[in-house]
There are 2 protein chains.
Amino acid sequence: MKKVSITIKEIARQLNISKSTVSRALRDSSEISEETKKKVIDLAEKLNYYPNPIAISLLKNRTQTIGVIVPDIANRFYSSAIGGVEDIAYSRGYHTMIYQSHELLERERSASRHIASRRVDGLVVAISSQSENVDHFVSLQEQGIPVVLFDRVSDAMQTHKVRIDDYKGAFEATEHLIQRGCRRIAHIAGPKAVSITRFRLEGYKDALKKYGIDFQEEWVLHTEINQAGGTERTYQLMALRERPDAIFGASDRLTMGIHSALRQLGYKMPDDVAVIGFCDLAMSSLLDPPVSSITQPSFEMGQQATSLLLDLIESKNTLVEFETRVLQSNIVINKSSLK
Amino acid sequence: MKKVSITIKEIARQLNISKSTVSRALRDSSEISEETKKKVIDLAEKLNYYPNPIAISLLKNRTQTIGVIVPDIANRFYSSAIGGVEDIAYSRGYHTMIYQSHELLERERSASRHIASRRVDGLVVAISSQSENVDHFVSLQEQGIPVVLFDRVSDAMQTHKVRIDDYKGAFEATEHLIQRGCRRIAHIAGPKAVSITRFRLEGYKDALKKYGIDFQEEWVLHTEINQAGGTERTYQLMALRERPDAIFGASDRLTMGIHSALRQLGYKMPDDVAVIGFCDLAMSSLLDPPVSSITQPSFEMGQQATSLLLDLIESKNTLVEFETRVLQSNIVINKSSLK
DNA sequence: CTGAAAGCGCTTACAG
DNA sequence: CTGAAAGCGCTTACAG
């Protein structure tokens, strides 16, 4: 298996002109005669020539490629965000390399190393829940590879960030439950170290406060973001002497766990327990009953993060003012919370 | 933003030796004295040097990178297969670039072009349902870039292929329904052009034949592979004068559509209609009732396809005997088909 | 054991 | 308008 590629040299040979001229003609340089240009371009087309991007990368020290690291591509929120990343990247002439951290710091580090060694031009990342330490990303920045954070952001990094208004989303979810008459509202939250966990928890607490409902420590449980976590914590909640009459789940995986645990335990939603979560819309409507949810503009988050990243990559001056964009979530009411 | 990278030249300068010697020392060549080697390696470590893979790619005309094209990374079957691809690729020192075709021929072509221009070493692909024409992949092969097909394969290509025994899976699913007493068994199938659609349809037909049940044209409906397709076709089936008493769905998305349509229409599973599908396990158990399914070893398919691909890439001789590996599916019985 | 030189495919000052 | 030369970062015959 041999890769035989047409090079500029071959075109030059066939046309009996120099490589320089071929190169310039191909790039439509104004200093080449129309006639030469035409000859070169025609032959290039005929031979099905396209430039070797590797040679160009070596020359420019640019790869026209960006990296994305997300915890899990199977998660709809992230696959949709990746869609947004690809959308902007392609339209601006960049390619996208996708990495999964599987929520592991070590995998994130290894992806970072790979990105650095591959001379990727920049990186969009949703930090793994295990990564309290973001030195590997800071180190990328120091090597001149810009990093933009989305969804999961970190205060330890100076850069552009795109996140949703987790506080407001959680506030609205909790307020909705209160307005439907719930008073004993539990919250199954993600890992403490993750920024969005804290924002959502604050929103939940403040909504309770606004309506004069006491905050109860035992009604807030933290867990890993997966279905099993939601299920286990629901067992724990429903085993309490004073049971909650509503559960607010901090992610879609968790909410699926909550949903299946409640059904399995024989509770009716929303009559026994009202449920709302941060969810993917397609998913929530499949469940029985369909689940109310705070939905996030994931595609748009990917777009905005990428657009900020490409601006960073293409800006010559180092002195960019970093910004944090906060997008709005939407609340979608379904049967699971309609007491 | 400047990328300042340590090069072999810099090490040579600091040590006052030649680039050649540095290069050889770093590659642990036997012709370099231990002393020099140590000096070089120590300094390289200190300066945090790592070789520029782009330069090496230019030299070797190899990128140590493979591409994967799947219809949709959000689909669990594919995200899991990608896991298998990454697993083998990483362990053999290759990186993976992931592309989505979104079931569009045009996107698949554009990914192929990108792959060719990036000089990717090889490609693993599950063909888009729209791609009856696979010339873009053949052209890749002709350029010396090996292509291995998995899941969705095509007779129009000579190469390694990895697929599951769709015929047998469909046969077993249908036989199971028959053994539970169903006699009017419908099948909602994928697009006609896709190879697995045909295999599954054959399995369904042959199971009916084995038990002396007449095949009824109107009980087999083709559709795009998405939830809406499953829903629409279920409407159509249940509107028939003679209704089916069982539906066999050809994919998980379709089966989710079948499930939600039946519930919405007021049918009980399995009593009114038994349901079985080609499904992802995690998904089927979330539905109410949980759905019986033919499950596929997706991770393993990704692994095997990649392992075959890397063998192709690394084999010097062109004369490889192409093989088609057929993996076995499993049948998982759940409430939806337990009449 | 070590170095100078050529070359991978391209671009771009520098000459003419 | 066109060409010869240098160089991006590396490897590897070829000399010594």
Side-chain angles (χ1 to χ4, degrees), chain A residues 2-41 43-44 47-65 93 116-121 143-144, chain B residues 2-41 43-44 47-65 93 116-121 143-144:
Chain A
K2 259 258 179 104
K3 297 191 208 177
V4 189
S5 305
I6 303 297
T7 68
I8 228 166
K9 192 169 153 193
E10 174 63 16
I11 295 179
R13 194 187 59 75
Q14 293 197 23
L15 257 28
N16 211 12
I17 56 179
S18 78
K19 290 189 309 175
S20 327
T21 305
V22 174
S23 172
R24 279 189 274 248
L26 255 13
R27 325 205 78 237
D28 202 26
S29 159
S30 61
E31 38 178 352
I32 301 291
S33 72
E34 284 306 323
E35 200 198 327
T36 312
K37 264 188 206 169
K38 187 164 176 1
K39 274 198 312 196
V40 171
I41 289 165
L43 183 60
L47 297 179
N48 200 14
Y49 166 85
Y50 38 111
N52 183 331
I54 293 175
I56 297 173
S57 291
L58 184 59
L59 218 51
K60 307 247 158 127
N61 204 16
R62 289 273 304 276
T63 54
Q64 293 291 121
T65 300
S117 81
R118 280 271 146 204
R119 307 303 201 258
V120 160
D121 295 336
Q143 288 170 61
Chain B
K2 259 253 180 108
K3 296 192 206 174
V4 190
S5 304
I6 302 299
T7 68
I8 230 167
K9 192 170 153 192
E10 175 63 16
I11 296 179
R13 196 188 58 76
Q14 291 197 26
L15 256 29
N16 212 11
I17 55 179
S18 76
K19 291 188 307 174
S20 326
T21 305
V22 174
S23 172
R24 280 189 273 249
L26 256 13
R27 329 205 74 239
D28 201 28
S29 157
S30 60
E31 38 181 349
I32 302 291
S33 73
E34 284 306 323
E35 200 196 329
T36 311
K37 266 189 204 170
K38 186 164 176 2
K39 273 198 312 195
V40 170
I41 288 165
L43 183 58
L47 296 179
N48 201 13
Y49 166 84
Y50 38 111
N52 184 331
I54 294 177
I56 297 172
S57 292
L58 185 59
L59 218 52
K60 307 245 160 132
N61 205 15
R62 289 274 305 276
T63 54
Q64 292 291 120
T65 300
S117 81
R118 279 274 145 204
R119 306 304 201 260
V120 160
D121 295 337
Q143 287 169 61

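Remember, predicted model here, so these are calculated numbers, not experimental data. So that the names make sense, note that chain A is the first sequence line, chain B the second, and so on, each numbered from 1.
- Remark: A:R27 engages no residue in a salt bridge (Lys or Arg N to Asp or Glu O under 4.0 Å) (not counting sequence neighbours).
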(request) Go through the steps for B:I6 and B:N48 under the test side-chain contact (heavy atoms from CB on, under 4.5 Å), then give the verdict. (result) CA-CA 8 Å; B:I6 302 299; B:N48 201 13; 5.9 Å; no

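- Residues meeting the salt bridge (Lys or Arg N to Asp or Glu O under 4.0 Å) test with A:E34, sequence neighbours left out: A:K37.
- Look at A:Y49 and you'll find a side-chain N or O under 4.0 angstrom from OP1 or OP2 of C:dC10.
- Under the rule for a side chain to side chain donor-acceptor pair (under 3.5 Å), the partners of A:Q64 that lie at least two apart in sequence or sit in another chain are A:R62.
- D:dC10 atom P lies 19 Å from atom CZ of B:R62, rounded to whole Å.
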(request) Would you sort out whether B:T21 and B:L15 count as a side-chain contact (heavy atoms from CB on, under 4.5 Å), showing the intermediate values? (result) CA-CA 10 Å; B:T21 305; B:L15 256 29; over 6 Å; no

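- Taking A:K38 as the reference, A:D42 meet the side-chain contact (heavy atoms from CB on, under 4.5 Å) condition, with sequence neighbours excluded.
- Taking the P atoms as reference points, C:dC10 lies 24 Å from C:dC14, given to the whole Å.
- Rounded to the nearest Å, the gap between the P atom of C:dA4 and that of D:dG7 is 16 Å.
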(request) Can you check each nucleotide of nucleotides 1-8 of chain C against protein heavy atoms at under 4.0 Å and return B for base, S for sugar-phosphate only, - for none, in 5' to 3' order? (result) BBBBB-BB

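- The nearest whole Å value for the distance from the CG atom in B:N52 to the C1' atom in D:dT11 is 13 Å.
- With sequence neighbours excluded, no residue forms a side chain to side chain donor-acceptor pair (under 3.5 Å) with A:S57.
- Rounded to whole angstrom, the span from the CG atom of A:N61 across to the P atom of D:dG9 amounts to 7 Å.
- Between the CD1 atom of A:I54 and the C1' atom of D:dC10 there is a distance of 13 Å, rounded to whole Å.
- Remark: B:T7 engages no residue in a side chain to side chain donor-acceptor pair (under 3.5 Å) (not counting sequence neighbours).
- Spacing between atom NZ of A:K60 and atom C1' of C:dA13 amounts to 14 Å, rounded to whole angstrom units.
- Between B:S23 and D:dT11 there is a side-chain N or O to OP1 or OP2 distance below 4.0 Å.
- Here B:I56 pairs with B:P51, B:K60 under the side-chain contact (heavy atoms from CB on, under 4.5 Å) rule; sequence neighbours left out.
- Both key distances under 3.5 Å define a Watson-Crick or G-U pair, and stretches of 3 or more such consecutive pairs in DNA chain D run C:1-3 with D:14-16, C:5-12 with D:5-12, C:14-16 with D:1-3.
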